Structures are given as structure tokens and as C-alpha cells.
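Naming convention: chains lettered A, B, ... in sequence-line order (proteins, then strands); numbering from 1 in each chain. Please read these numbers as outputs of a predicted model, since none were measured by experiment.
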Amino acid sequence: LAKTTQPISMDSYEGQEVNITCSHNNIATNDYITWYQQFPSQGPRFIIQGYKTKVTNEVASLFIPADRKSSTLSLPRVSLSDTAVYYCLVGDWDTGGFKTIFGAGTRLFVKA
Amino acid sequence: EAQVTQNPRYLITVTGKKLTVTCSQNMNHEYMSWYRQDPGLGLRQIYYSMNVEVTDKGDVPEGYKVSRKEKRNFPLILESPSPNQTSLYFCASSLSGLARGRETQYFGPGTRLLVL
């Protein structure tokens, strides 16, 4: 069963680049890796997704090595509003369908 | 506006009193799911549904029931709530569960449940 492991928390300062790594040793061949952001008392929202190599959008970059056993979310020049919990998500194709598996999340605290 | 709605947003109940948390989406999504969130444990999937009349257990299904009679609705039922089910619950939906995580899941605003 696919499972993810992330650091529990990270601190940063405004303007710095933040890299959060997620370990998913048992990821299945066809599964994608997705990252979500969650603010207190809100539902998670999608940030970025990838399958392999590098993906970049207006918010973040996602680096996935060739073996796909880990991935790194990169947030360039963070601001105070990036303080949130970041979740790495993979899935597992069960007998009945697609089970979604979140990690415990990484709490990012951005300081002024 | 495309959205996932949940009701109620806050609920205080007592042990053993059956309750239902409703979830509805207006995006014609086939995949729907319930999660609970507890401090230090992140989001854990309770049940999911690939389509109407198709449901399956997630990682923490004990004490919960679901049904999917219509595509847009996916209620979560606690037949006999216990204090260990005090949690923050999220409903989510995505286009289908067939793309192995490639689709974005859209989350509802959450339901905070306290079982006394």
C-alpha cells in the first residue's frame, strides 16, 4: 500500500525558497503525485501535480527523480501568506477503485 | 459556481445519537470521498465512491456508513457516534477515479463534529 512521509514542520523567512520533500517508496507505476495546500479551517486546495521529472506552474515547481520514490515541492520566494500545511498525495488502486492517500502534512511557517 | 457543499458546518451531539453529514457537488463528478482530519494525523480517507452505487472503504471506515444513490450527493452516516469520532470532516470530489490521481480533488469547507 502506497504511503507518504513528509517532515512534520518547517520554518522559513519571507523571500526565501522553500523545498519540501515527500517520500513515497511504494508508489505504483501509473500513479501521479499531487501536492495540496491547506489553511486553517479550510479544505485543501490543489497546488501542483506531476508524474516524473519537473513540473512548474505559477505557484510552485515539483521535482520528481527517475525512480519516483520521492518528490520535492519547491515554493519560490515565500511570503507570509504561504504559511499553511502542505500535503503530498499519491494513490492506490484497490480492488474497488482508487484509494487516495494523504501524508500527515508539513506545516510551513513563514516569518517576516 | 463549481463547489462542494457540506452540511452542517458545525455539529455537537451525544454518544449514540445517529447523525448524517450531507455532501453535494455541482460539477457532475463521478469520484467522491470523505476524509477526517485529526491533529498530527493529517487527512485520512474514510470512504470513497467511484460512481453511483459504487462505494468502498478507505483507511478508516470503522463506525461510518455512506451511500451514493445520486451522482451529486454522498452523505456520511454515523449510526452510533462515539467520542473518538470527534473530528473535522471533509468531503471531496473529482471528475473520476480512473486517472490514478491525475485529477484535482475539490474539497468542501469541512464539518466540525464534537461527540460528547
Is [X] atom [atom1] crowded by more than 12 heavy atoms from other residues, nucleotides or ligands, each under 6.0 Å away?
X         : atom1 : answer
Ile8(A)   : CD1   : no
Lys52(A)  : NZ    : no
Arg107(A) : CZ    : no
Phe39(A)  : CZ    : yes
Lys65(B)  : NZ    : no
Leu41(B)  : CG    : yes

**OP:** Among the options Pro44(A), Gly105(A), Ser41(A), pick out the one with the most heavy-atom pairs lying under 4.5 Å from chain B.
**Re:**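 Heavy-atom pairs under 4.5 Å are most numerous for Pro44(A).
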Original post:
Checking side-chain contact (heavy atoms from CB on, under 4.5 Å) for the pair Thr100(A)/Tyr48(B): CA distance, chi angles, key distance, verdict?
Top reply: CA-CA 9 Å; Thr100(A) 310; Tyr48(B) 65 93; over 6 Å; no
Original post:
Could you give the distance from CZ (Phe102(A)) to CG (Leu43(B)), rounded to the nearest 0.5 Å?
Top reply: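 The distance works out to 5.0 Å.
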If you group Ile, Leu, Val, Met, Phe, Trp and Tyr by side-chain heavy-atom gaps below 4.5 Å, do [X] and [Y] land in one group?
X         : Y        : answer
Phe109(A) : Leu75(A) : no
Val60(B)  : Leu78(B) : yes
Tyr32(A)  : Phe63(A) : no
Leu88(B)  : Ile46(B) : no
Val52(B)  : Leu76(B) : no

Heavy-atom pair with the smallest gap, counting every atom of [X] and [Y]:
X         : Y        : answer
Ala104(A) : Gly40(B) : CB-O, 4.2 Å
Lys99(A)  : Lys57(B) : CE-O, 3.6 Å
Gln105(B) : Tyr36(A) : N-OH, 2.8 Å

Original post:
Which of the residues Gly110(B), Gly58(B), Pro109(B) is involved in the greatest number of heavy-atom pairs with chain A at under 4.5 angstrom?
Top reply: Gly58(B)
Subject >> Check against side-chain contact (heavy atoms from CB on, under 4.5 Å), Phe90(B) and Gln38(A) >> reply: CA-CA 12 Å; Phe90(B) 288 101; Gln38(A) 186 181 26; 3.5 Å; yes
Subject >> chain A-proximal positions within residues 2-9 of chain B [heavy-atom distance under 4.5 Å] >> reply: none
Subject >> Contact class of Tyr51(A) relative to chain B, heavy atoms under 4.5 angstrom >> reply: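 Interface part for Tyr51(A): neither.
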Subject >> Residue part contacting chain A, namely of Arg112(B), when any heavy atom lies under 4.5 Å >> reply: side chain
Subject >> Heavy-atom proximity to chain A below 4.5 Å, by part of Tyr106(B) >> reply: neither
